[in-house]
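Heavy-atom basis, side chains included; hydrogens, waters and symmetry copies ignored. Letters A, B, ... are given to chains in the order of the sequence lines, protein chains preceding strands, and every chain is numbered from 1.
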2 protein chains.
Amino acid sequence: MTGPATAAPSAPSAPATPASPLSGPSGCRAREVLDLVAGKWSLAVVDTLGAGPMRFSELKRAIGGISQRMLTVTLRGLERDGILTRTVYAVMPPNVTYELTTMGRTLLEATRPVVQWSLENIAAIDAARAEFDASAEPS
Amino acid sequence: MTGPATAAPSAPSAPATPASPLSGPSGCRAREVLDLVAGKWSLAVVDTLGAGPMRFSELKRAIGGISQRMLTVTLRGLERDGILTRTVYAVMPPNVTYELTTMGRTLLEATRPVVQWSLENIAAIDAARAEFDASAEPS
DNA sequence: CTGAATCCCCTCCGATACTG
DNA sequence: CAGTATCGGAGGGGATTCAG
């Protein structure tokens, strides 16, 4: 699975359709990475952490609506992916601080347009859904 | 929505924490809209349709690996959200064409940075995961 | 060709309770 | 404060089959 692949320059009949980076074989990998952001809370954590290093409880309070479990799971995943770092200060009481890595910050930048788009189009989408439902499920 | 917004000068005790658009109350809505893109195939469909109007079978072939069911479900969802239009030509054999709406095209533009980031960071993430797994699960 | 319908597994996620 | 452990519901998503 980890094969180099994507290195098949000799494809004869391949249309190469570079139109969509998510369509081809390499698209599978991209999709996989996009799952990173697809998680229910990943984006919120990255976005919130964009303000600077933060502790567990601060994150929990800032995000709001997230359970300890999901915050922990999400943080673990992002740490594993190299998006953020987890620093434990052996003091009393325990102090664990999370901070975006360089890669995490580039991810934050990359996601800004999507987040902004979401905010800008919430109303339009609500309207579209209402209209669709009205004309499709009048029963 | 397209309003200038962010112009709430009269909030007295509001901390305003503009740090994260996904954290606050409005963030819940944004998260909701982001689910639109979170689906396993939504982005691939939008991305693929970026090349121009396409038929059902063309989409299926272009994306590859998607089942009829998921393509249908994904298309319905995106149509409901006003991201794409579904046009049926009553000919023989049936011809159904899907095309991005204006909003769909703006979404495509907004997602480009994330898609590109994914492609650029696949290797780094793989490495980070391997390293994390190696030092966390040695037993 | 396009799609709806069914079956079924599997993961995500929330609520709760317990530890250091 | 910062987690971990467990249970259980809900939904995503794949394979297959049927229909217009």
Side-chain angles (χ1 to χ4, degrees), chain A residues 22 27-28 31-45 48-49 53-81 84-99 129 132 136-137 139, chain B residues 22 27-28 31-46 48-49 53-81 84-99 132 136-137 139:
Chain A
L22 290 181
C28 293
R31 259 284 318 140
E32 189 177 318
V33 172
L34 285 177
D35 277 336
L36 197 158
V37 160
K40 188 172 181 181
W41 300 105
S42 302
L43 226 79
V45 168
T48 304
L49 229 40
M54 220 169 287
R55 312 174 46 155
F56 188 88
S57 54
E58 287 181 295
L59 272 169
K60 188 174 187 311
R61 198 176 318 117
I63 294 174
I66 189 174
S67 61
Q68 288 92 339
R69 174 180 148 72
M70 286 321 296
L71 183 52
T72 299
V73 171
T74 302
L75 286 170
R76 289 290 182 211
L78 293 174
E79 182 192 4
R80 188 172 100 103
D81 291 334
L84 54 81
T85 59
R86 176 173 178 267
T87 308
V88 180
Y89 297 97
V91 297
M92 205 39 201
N95 182 339
V96 181
T97 300
Y98 295 90
E99 181 174 13
R129 284 178 180 172
F132 184 90
E137 302 179 27
S139 81
Chain B
L22 289 180
C28 293
R31 258 289 313 138
E32 190 178 318
V33 171
L34 285 176
D35 277 337
L36 196 158
V37 159
K40 186 171 181 180
W41 301 105
S42 302
L43 251 148
V45 167
V46 171
T48 303
L49 271 182
M54 219 169 288
R55 311 178 45 159
F56 187 88
S57 53
E58 286 181 297
L59 272 170
K60 188 173 187 312
R61 197 175 317 118
I63 294 174
I66 189 174
S67 62
Q68 288 92 338
R69 172 181 148 73
M70 287 320 298
L71 182 52
T72 300
V73 170
T74 302
L75 286 170
R76 286 291 181 213
L78 291 174
E79 182 192 5
R80 188 172 99 103
D81 290 333
L84 54 81
T85 58
R86 177 173 178 267
T87 309
V88 180
Y89 297 97
V91 298
M92 210 29 204
N95 181 340
V96 181
T97 298
Y98 296 90
E99 183 173 13
F132 184 91
E137 304 177 26
S139 67

Roughly how many Å is it from NZ in B/K60 to P in C/dG3, rounded to a whole number?
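Answer to the nearest Å: 13 Å.
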Bounds of contact between DNA chain D and chain B, in 5' to 3' order, using a heavy-atom cut-off under 4.0 Å
D/dG13 to D/dG20
Which atom names give the shortest non-hydrogen contact between [X] and [Y], and what distance separates them?
X: A/L84; Y: A/L49; answer: CD2-CD2, 3.8 Å
X: B/F56; Y: B/L71; answer: O-CD2, 3.7 Å
X: A/T97; Y: A/P53; answer: CG2-CB, 3.8 Å
X: A/R55; Y: A/P94; answer: NH2-O, 3.5 Å
X: A/A62; Y: A/T48; answer: CB-CG2, 3.7 Å

Residues B/R76 and B/E79 bridged, charged N to O under 4.0 Å
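Looking at B/R76 and B/E79, the cut-off is met.
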What is the nucleic acid contact for A/S57, judged by heavy atoms within less than 4.0 Å: base, sugar-phosphate only, or nothing?
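Since only primed, P, OP1 and OP2 atoms lie under 4.0 Å of A/S57, the category is sugar-phosphate.
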Base, sugar-phosphate, or nothing for A/Y89, non-hydrogen atoms under 4.0 angstrom?
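Since no nucleic acid heavy atom lies under 4.0 Å of A/Y89, the category is nothing.
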Just how far is it from atom OG of A/S57 to atom CD of A/Q68, taken to the nearest 0.5 Å?
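If I round to the nearest 0.5 Å, the distance is 10.5 Å.
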Measuring from atom CG of B/L78 to atom OG1 of B/T85, what distance do you get when rounded to the nearest 0.5 angstrom?
11.5 Å
Listing time: all N or O pairs from protein to nucleotides 13-20 of chain C that are below 3.5 Å?
{"residue": "C/dC13", "atom": "OP1", "partner": "A/K40", "partner atom": "N", "Å": "3.0"}
{"residue": "C/dC13", "atom": "N4", "partner": "A/R69", "partner atom": "NH2", "Å": "3.2"}
{"residue": "C/dG14", "atom": "OP1", "partner": "A/K40", "partner atom": "NZ", "Å": "3.1"}
{"residue": "C/dG14", "atom": "OP1", "partner": "A/W41", "partner atom": "NE1", "Å": "3.4"}
{"residue": "C/dG14", "atom": "OP2", "partner": "A/W41", "partner atom": "NE1", "Å": "3.2"}
{"residue": "C/dG14", "atom": "N7", "partner": "A/R69", "partner atom": "NE", "Å": "3.4"}
{"residue": "C/dG14", "atom": "O6", "partner": "A/R69", "partner atom": "NE", "Å": "3.1"}

